[in-house]
Structure formats: C-alpha cells, structure tokens
2 protein chains.
Amino acid sequence: MEYMNTAPASSAAAGEPRWLTDEEQRVWRAYVDATTLLEDHLDRQLQRDAGMPHVYYGLLVKLAEAPHRRLRMTELAKDAKITRSRLSHAVARLERNGWVRREDCPSDKRGQFAVLTDEGMEVLRRHAPGHVNAVRQAVFDRLTPEQQKSLGEIMGIVAEGLQPCEAGADLPWLR
Amino acid sequence: MEYMNTAPASSAAAGEPRWLTDEEQRVWRAYVDATTLLEDHLDRQLQRDAGMPHVYYGLLVKLAEAPHRRLRMTELAKDAKITRSRLSHAVARLERNGWVRREDCPSDKRGQFAVLTDEGMEVLRRHAPGHVNAVRQAVFDRLTPEQQKSLGEIMGIVAEGLQPCEAGADLPWLR
DNA sequence: ATCTATTACTTGAACTCTCAAGCTCTACGG
DNA sequence: CCGTAGAGCTTGAGAGTTCAAGTAATAGAT
C-alpha cells in the first residue's frame with residue numbers, strides 16, 4: 001500500500017528495490033516538507049518585497065560577487081545550478097527590469113557576459129536585509145550551532161554527489 | 001560587496017540587519033545548491049520515467065496512503081504543502097491522465113475528493129522503485145546513520161517553523 | 001428567515017521553467 | 001584553407017506555478 005516502505009523480507013531478488021525503512025521515510029518526508037515550505041516562503045517574501053523569485057535574487061548575488069560584477073552566461077548557470085536555457089530566460093527578464101545588462105565577450109564572439117547594473121546593485125542592497133532576515137528566522141535562529149554545522153556538511157555531501165563530476169565532463173550543461 | 005556578510009562591526013543600530021557569518025553563509029549556500037540540484041534531479045528522473053514532476057508523484061503517494069485512496073482537496077493541499085490553486089491545476093492534469101478522479105463530497109456540496117484510480121495506483125507501483133532508487137543514491141547512500149538522523153531532526157524543525165501554526169489559524173491556506 | 005462572513009474550490013492571465021531545436025562562432029583535423 | 005564537430009547561447013512552444021478574482025455552499029448572527 002505504501003510507495004516506499006520496508007521490504008517484506010530481504011528477498012534477494014535481483015530486481016527488488018531497496019525500499020526505505022520507516023525511519024528513512026520520516027527523514028525523507030521531513031526533507032521534502034521543509035524544502036517545499038522554505039522555498040515557497042522565500043519566493044513569496046522576495047516576490048512581494050523585491051519583485052522577483054528567489055532564484056533571480058540568487059543570480060544578482062552571484063553577479064555582485066563576481067570580479068567586475070560580470071560573469072559569462074555559462075559560468076553563472078553553473079554557479080547557480082541551473083540550465084543555460086533557464087538562465088537565458090531569467091536574464092532576459094532581469095534585463096527588462098534594468099537590473100542586468102548583457103555584454104558581448106571580446107575574445108569569443110559567441111560569448112555573452114551578464115553584468116549587474118548599478119540599479120541592480122541598488123535593488124540588492126535594498127532587499128538583502130529582508131532576505132537575510134527571512135533566512136535567519138526560518139533556519140538559523142531555530143538550529144543549534146551543532147545542527148548548523150551538520151546541515152552544512154550534509155548538504156555539501158548531497159550537492160557534491162549531484163554535481164556534474166566537478167571539472168570532469170560537464171554533461172548537465174550540454175543540455 | 002556581499003549580500004549577506006559579516007557585520008563590519010557590531011553597530012547596535014536598531015535597523016541594522018544581522019548579516020550571516022561566513023560559516024552561516026557556507027551552510028546556506030550548501031543548502032541552496034543541494035536542494036536545487038536534488039529537486040532538479042528528481043524532477044528529471046520522474047518526468048522521464050513516469051511522465052510527471054516530483055510534486056505530482058507526491059500527490060499520488062499521499063492519495064495511495066489515504067483511507068479509501070481519497071482525500072479532500074484541502075487536506076491533500078495541506079499534506080503536500082502546496083496551495084489549493086496549485087493543487088486544482090495539478091489534479092486537473094492528473095485527471096486528464098486518468099490517474100486521479102474527482103468525486104463530490106456528499107456531506108458538503110462545496111467539497112471535492114481527489115481519488116486515486118487503479119490506473120494511478122499502477123503507475124505508482126511501476127515507478128516507485130526508480131524513484132526510491134534515485135532518492136537512495138542521491139541522499140541515503142551518501143550519509144552516515146548519524147547524519148540521516150540529524151537531517152531528519154533539522155528538517156523537522158525547519159518545516160515546523162514554517163507550518164501554519166499547526167492546528168491554529170491556517171493562514172496560508174486562505175490564499 | 002435572512003444577511004454576512006467564511007470555507008471550499010476553480011479559473012484565467014501572467015510569469016517561469018523545460019525540452020528540443022536552432023543559430024553563430026570556435027577549434028582542429030586533414 | 002576548408003569542413004565539420006562541438007561550444008555558447010537563444011528561442012518557441014508546451015507545461016507548471018502564482019496571484020487575484022470568481023462561484024457556490026456553509027456557518028453564524030440577527
């Protein structure tokens with residue numbers, strides 16, 4: 001009746017999947033609930049206050065931290081863990097807002113830089129406090145220092161496992 | 001230059017936001033990276049194999065576990081942590097697929113049940129192994145038992161904090 | 001009884017994301 | 001030099017999501 005329950009018996013059948021134990025299920029559901037609620041919460045806060053979803057805000061942040069407030073599209077996509085296509089659409093929108101501007105790459109005529117404008121920088125400055133506050137309230141204020149450390153380690157491991165081999169063949173970016 | 005960095009000095013100005021420390025930032029970025037990559041990974045796996053995104057799969061699971069494979073729309077939305085509007089659209093799609101059917105509630109003419117069809121149950125059965133496998137590979141196989149326990153606790157805390165007060169005024173569900 | 005507030009759910013439009021092409025340019029092998 | 005494979009980025013269409021507004025029925029208050 002369940003979709004991921006304890007195996008009835010450890011039947012060593014080759015094709016038999018290793019179902020999640022009850023405890024694993026609890027963990028997984030907590031994860032799904034928390035991430036769903038949190039992403040929703042942050043999206044709503046930023047949409048209301050800054051007029052953009054969480055991902056877009058993240059893009060502005062990456063640009064703000066980059067050398068000349070500029071990053072090649074592919075770099076930015078990689079940093080933000082999103083596809084190039086998604087980034088193209090996103091930057092188009094941010095450009096319409098006047099927060100980002102595109103610039104041609106001199107050394108490679110195919111290349112494009114996404115550049116954070118002063119206006120974009122200003123938007124970031126204005127709305128960072130609210131965002132940090134939301135993150136703090138939802139996450140850090142509720143966790144002990146040990147839990148925070150744990151969270152960092154765990155998420156680091158998970159992220160690394162899903163990363164496109166880190167400097168190997170960047171398959172997901174070929175999509 | 002950064003959007004959530006260490007405070008320059010602990011200026012006790014009333015409006016001064018409590019920026020994240022470097023370590024908190026590392027944790028937060030790991031969290032964002034991991035959740036982005038994982039959700040993307042699961043969506044892709046389920047879309048490819050089962051023809052639906054992760055959220056939709058989750059809805060079928062909730063229904064499969066419910067008493068008569070049926071749940072009131074609002075209940076289902078609450079369980080899945082999504083808005084009613086999103087659920088309405090989702091169920092409409094799942095209904096077109098023949099995996100879910102709507103039924104009127106006899107005791108409340110406004111109410112609707114979402115009911116998992118046999119076909120829907122079958123889809124779940126067929127694709128559960130692949131999904132469990134993906135989750136296991138990305139998460140559980142990479143974490144020690146202690147880390148798994150930690151993850152469960154931490155995510156439980158975060159989820160609880162964002163929950164609509166649990167049996168209190170369910171504000172988010174009025175939206 | 002009737003009026004109002006609330007609950008339950010849906011709808012449509014605007015926006016975002018994905019997927020599969022597509023275009024242009026670079027790299028490099030002959 | 002070509003010619004072709006691949007890189008870098010964009011595009012359009014379809015699917016999913018959000019937000020604000022809408023319909024219909026119930027619950028309470030008068």
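Per chain, numbering begins at 1; letters A, B, ... match sequence-line order.
- In this structure, the side-chain contact (heavy atoms from CB on, under 4.5 Å) partners of E24(B), at least two apart in sequence or on a different chain, are R136(A), F140(A), Q148(A), L20(B), T21(B).
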Let's go through R69(B) and M121(B) carefully: what are the C-alpha distance in whole Å and the side-chain angles of both, what is the deciding distance for side-chain contact (heavy atoms from CB on, under 4.5 Å) to 0.1 Å, and is it a yes or a no? CA-CA 9 Å; R69(B) 286 194 193 165; M121(B) 194 68 205; 3.5 Å; yes

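- For Y31(A), the ring pair (Phe, Tyr, Trp, His ring centres under 6.0 Å) partners are W28(A), not counting sequence neighbours.
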Step by step, work out the ring-ring contact (aromatic ring centres under 6.0 Å, His included) result for Y57(B) and H131(B). CA-CA 9 Å; Y57(B) 182 87; H131(B) 176 59; 4.7 Å; yes

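- Within residues 88-107 of chain B, the residues that have a heavy atom under 4.0 Å from DNA chain C are, in order of number, S88(B), H89(B), R102(B).
- Listed by first then second residue, pairs satisfying salt bridge (Lys or Arg N to Asp or Glu O under 4.0 Å) with a partner in residues 145-156 of chain B read K149(B)-E153(B), not counting sequence neighbours.
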I'd like to know whether R72(A) forms a side-chain contact (heavy atoms from CB on, under 4.5 Å) with L76(A), so could you lay out the CA-CA distance, the side-chain angles of the two residues, the decisive distance to 0.1 Å, and finally the verdict. CA-CA 6 Å; R72(A) 287 286 293 266; L76(A) 183 49; over 6 Å; no

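- Between dG8(D), dT16(C), dT17(D), one nucleotide has an atom nearer to the side chain of P53(A) than all others, and that is dT16(C).
- Of the candidate nucleotides dG8(D), dA25(D), dC19(C), dA25(D) has the atom lying nearest to any side-chain atom of K109(B).
- When heavy atoms are screened at a 4.0 angstrom cut-off, D43(B) is found touching no nucleic acid atom at all.
- Listed by chain and residue number, nothing satisfies the side chain to side chain donor-acceptor pair (under 3.5 Å) test with R86(A) (two or more places apart in sequence, or in another chain).
- Side-chain proximity of T74(B) to the nucleotides dC9(C), dT18(C), dA25(D) is greatest for dC9(C).
- The salt bridge (Lys or Arg N to Asp or Glu O under 4.0 Å) contacts involving residues 47-56 of chain A comprise nothing, where partners must be two or more places apart or lie in separate chains.
- Between Q45(A) atom CD and dT18(D) atom P there is a gap of 16 Å when expressed in whole angstrom units.
- For a distance-only test at 3.5 Å, the side chain of S85(A) fails to qualify as a donor-acceptor partner of the base of dT10(D).
- Between dT7(C) and R72(B), no contact under 4.0 Å exists linking OP1 or OP2 to a side-chain N or O.
- F113(A) comes within 4.0 angstrom of nothing in the nucleic acid, heavy atoms only.
- In terms of position on DNA chain C, the residue among D108(A) and G51(A) whose nearest nucleotide sits closer to the 5' end is G51(A).
- Distance from the side chain of D40(A) is smallest for dT18(D) among the nucleotides dT18(D), dC9(C), dC19(D).
- In this structure, E75(A) atom CD and dA7(D) atom P are separated by 15 Å, rounded to whole Å.
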Its contact letters, B for base, S for sugar-phosphate only and - for none at protein heavy atoms under 4.0 Å, make nucleotides 1-6 of chain C read ------

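- Residue R84(A) places its side chain closer to dC9(D) than to any other of dC9(D), dT10(C), dC25(C).
- The distance between atom CE of M73(B) and atom P of dT11(C), rounded to the nearest whole Å, is 10 Å.
- Each of Q47(B) and R48(A) was matched to the nucleotide of DNA chain D holding its nearest heavy atom; the match closer to the 5' end belongs to Q47(B).
- The interatomic distance linking I82(B) (CD1) with dC9(C) (P) rounds to 13 Å, in whole Å.
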Using atom types as modelled, flag every donor-acceptor pair under 3.5 Å from a side chain in residues 89-98 of chain B to any protein atom, sequence neighbours excluded.
{"from": "R93(B)", "atom 1": "NH1", "to": "G51(B)", "atom 2": "O", "distance (Å)": "3.4"}
{"from": "R93(B)", "atom 1": "NH2", "to": "G51(B)", "atom 2": "O", "distance (Å)": "2.8"}
{"from": "E95(B)", "atom 1": "OE1", "to": "R102(B)", "atom 2": "NE", "distance (Å)": "3.0"}
{"from": "E95(B)", "atom 1": "OE2", "to": "R102(B)", "atom 2": "N", "distance (Å)": "3.2"}
{"from": "N97(B)", "atom 1": "ND2", "to": "R93(B)", "atom 2": "O", "distance (Å)": "2.8"}

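- In this structure, L87(A) places its CG atom 14 Å from P of dT16(C), rounding to the nearest Å.
- Residues forming a ring pair (Phe, Tyr, Trp, His ring centres under 6.0 Å) with H41(A) (at least two apart in sequence, or on another chain): none.
- Nearest to the side chain of Y56(A), among dC9(D), dC17(C), dT18(D), sits dC17(C).
- Rounded to an integer number of Å, the gap from R86(A) CZ to dT17(D) P is 12 Å.
- Atom CG in L42(A) sits about 13 Å away from atom P in dT18(D), given to the nearest Å.
- Nucleotide dT23(D) holds its P atom 18 Å from the CD atom of Q112(B), rounded to whole Å.
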